[in-house]
Amino acid sequence: MTQDDTPGPGLEGDRSTDRAPAAPAARTARAPRADPGTVNPADAAAGIPADIPAGIPADVPVDGAPASGIPALTEAEAREIAAEAESVISEIATVVEGKREVAQTALLVLLAGGHLLIEDIPGVGKTMLAKSLAAALGAKRHRIQFTPDLLPGDVTGASIFNQATSEFEFRPGAVFTQILLADEINRASPKTQSALLEAMEERQVSVDGTTYELEEPFMVVATANPVEMEGTYRLPEAQRDRFLAQTSMGYPVQSAESRMLAAQAGPVPVGDRDVLDAVRTRTTPERIAAHVRAVRRVHASEVILDYVVRLAAATRSHPQVTLGASPRAAVHLVRAAKAHAALDGRTFVDPEDVRSVIMPVWRHRMHLTPQALSRGASAGELVDQVLRNTSQT
């Protein structure tokens, strides 16, 4: 653990990626899928089956059952994902002392294809968690220090006029990476915060009418300081809803804090700049991207999907809630439950997976009535009530 880094406005990249990346290739759009039973010419040429429902990409399985031609996750694949995830979590734990559960949550969110919001006081290791995650994955990382004067173009990139060629060239912003640390995201204006919306939801960036694909895997780890309200902006609801999970670090136990002091206040090995240089790469971004796709093949039965739908409906009709779980929140819960099952080495989701992940996935999305807030109620308590009052079958 370490004190959160607080450099001036701008972004920080790995030493291995200090050079500005080349402009990514523009996305080539595929023709919309026709109704089931018909075949688009482009789909037929690509060998895409015609029995995939309209609006669903051919390479994405339908939650609950594999898409046509896509096999279910095998037990061998599940064990491989679980073993590799365990090695990454253990490596993070060597730097972020005493926070194994938080490291597991971060990796679960990554495998679920989502983004993580960490809200906590300064100095508890939020920044270190994101950096050690990227280091253990061998992934490229960028860091943006969000400040009131940060502009959307600093995040997404912008078209710059090249006098030598008399043409505009696209210069990629910090979002063109694999692990993006959005440090103190609530210090930037909502206009700048919204620059991340398209990237978080669609893994792409649109600038001047051109769409650019982002690399895989892509994950935003955003930190926010809940105790300093001066000079901060509340995250828009659309922004909060795009984070698959929200968590906090908390203070370490005394034994873990003692180990942290010994490691981070001691001498630095020759050739290293800081403690992160000692983090060993446990996997590759390519393998993680493959694991993210494999997790979608974990089986979620109709019973599980119905359970999630009833949980979402219960939050929306709760008398103390003004805004309950959105359909996106339900999708995120199923994906998180699938990742939880995969981390346990299983190929199917059971109700306990849903119950285990619902708190970090839904807690930050609940909006209580003024009366509930005045009585001291919390979003976590309401989610717990919904769990207790909703049957699993």
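Fair warning: this is a prediction, and the values are worked out from it, not measured in the lab.
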Report summary line: Per side chain to side chain donor-acceptor pair (under 3.5 Å), R143 is matched among T127, T177, D183 by D183
Query - Rounded distance [0.5 Å steps], CG in L323 versus CE in M366 - result: 7.5 Å
Report task. Would you indicate whether the side-chain heavy atoms of Y307 and T390 approach each other to under 4.5 Å? Result -> yes
Query raised in the report: Hey, are the side chains of R365 and R240 touching, using non-hydrogen atoms and a 4.5 Å cut-off?
Result: no
Report task. Could you grab the distance from atom NE2 of H340 to atom CD of E352, nearest 0.5 Å is fine? Result -> 7.5 Å
Query raised in the report: Under 3.5 Å, is there a donor-acceptor pair linking the side chains of E77 and T74?
Result: yes
Query raised in the report: What distance separates I304 CD1 from K338 NZ, expressed to the nearest 0.5 Å?
Result: 11.0 Å
Query raised in the report: Got Q145 and E184 here, is their nearest side-chain heavy-atom distance under 4.5 Å?
Result: yes
**Report entry** Side chain D241, main chain A238, donor-acceptor under 3.5 Å
**Finding:** no
Query raised in the report: Distance under 6.0 Å and angle within 45° of the ring axis: does R346 meet both against F348?
Result: yes
Report task. Run the ring-centre check on F176 versus H142 and record whether the distance is less than 6.0 Å. Result -> no
Query raised in the report: Would you say V205 and L197 are hydrophobically clustered, going by side-chain heavy atoms of ILVMFWY under 4.5 Å?
Result: no
**Report entry** Interatomic distance, E213 atom CD to E202 atom CD [nearest 0.5 angstrom]
**Finding:** 10.0 Å
Report task. Heavy atoms only: give me the nearest P285-A139 pair and the separation to one decimal. Result -> CG-CA, 3.7 Å
**Report entry** Donor-acceptor under 3.5 Å (W362 side chain, V383 main chain)
**Finding:** no
Query raised in the report: With the 4.5 Å side-chain cut-off for hydrophobic clustering, are V207 and L196 part of the same group?
Result: yes
Query raised in the report: How are the rings of F170 and Y212 set to each other: parallel, tilted or perpendicular (split at 30° and 60°)?
Result: parallel
Query raised in the report: Do S206 and T211 have side-chain atoms, one donor and one acceptor, less than 3.5 Å apart?
Result: yes
Report task. Would you kindly say whether D149 and T147 are connected by a side-chain donor-acceptor distance under 3.5 Å? Result -> yes
Query raised in the report: Is the number of heavy atoms from other residues, nucleotides or ligands under 6.0 Å of R388 CZ greater than 12?
Result: yes
Query - K126/D120 ion pair, N-O < 4.0 Å - result: no
**Report entry** Side-chain touch F168/N162, heavy atoms, less than 4.5 angstrom
**Finding:** no
**Report entry** Side-chain touch R141/Q178, heavy atoms, less than 4.5 angstrom
**Finding:** no
Report summary line: Closest non-hydrogen atoms of A135 and T281, given as atom of the first, atom of the second and distance, are O-OG1, 3.5 Å
**Report entry** Shared hydrophobic cluster, L387 / V321 (ILVMFWY, side-chain heavy atoms < 4.5 Å)
**Finding:** yes
**Report entry** Heavy-atom side-chain contact between L73 and H299 under 4.5 Å
**Finding:** no
Query - Donor + acceptor pair across side chains of T347, E75 (<3.5 Å) - result: no
Query - Nearest-0.5 Å distance, CZ of residue R296 to CD1 of residue I70 - result: 9.5 Å
Query raised in the report: Hey, quick one: are V349 and V303 part of the same hydrophobic cluster, counting side-chain heavy atoms closer than 4.5 Å, chains of contacts allowed?
Result: no
Report task. Please assess L137 against R282 for the test side chain to side chain contact (heavy atoms under 4.5 Å, CB included), listing each intermediate value before the final yes or no. Result -> CA-CA 6 Å; L137 299 177; R282 293 290 191 168; over 6 Å; no
**Report entry** N/O donor-acceptor pair under 3.5 Å between T192 side chain and A188 backbone
**Finding:** no
**Report entry** Residue pair L116 / F243, side-chain heavy-atom distance below 4.5 Å
**Finding:** no
Query - Shared hydrophobic cluster, L311 / L305 (ILVMFWY, side-chain heavy atoms < 4.5 Å) - result: yes
Query raised in the report: Does the pair R100/E86 count as a salt bridge with the N-to-O cut at 4.0 Å?
Result: yes
Query - Donor + acceptor pair across side chains of E237, H367 (<3.5 Å) - result: yes
Requested in this report: Classify the side-chain pair Q320/Q371 by whether it contains a donor and acceptor separated by less than 3.5 Å.
Outcome: no
Requested in this report: Look at E80 together with R287 and state whether they make a salt bridge at an N to O cut-off of under 4.0 Å.
Outcome: yes
Requested in this report: Kindly determine whether Y251 and V253 satisfy side chain to side chain contact (heavy atoms under 4.5 Å, CB included), including the steps that lead there.
Outcome: CA-CA 7 Å; Y251 290 115; V253 297; over 6 Å; no
**Report entry** Under-4.0 Å salt bridge between E216 and R203
**Finding:** no
Query raised in the report: Are there more than 12 heavy atoms of other residues, nucleotides or ligands under 6.0 Å from atom CD of E201?
Result: yes
Query raised in the report: Only one of V175, V221, L214 forms a side-chain contact (heavy atoms from CB on, under 4.5 Å) with L180, so which one is it?
Result: V175
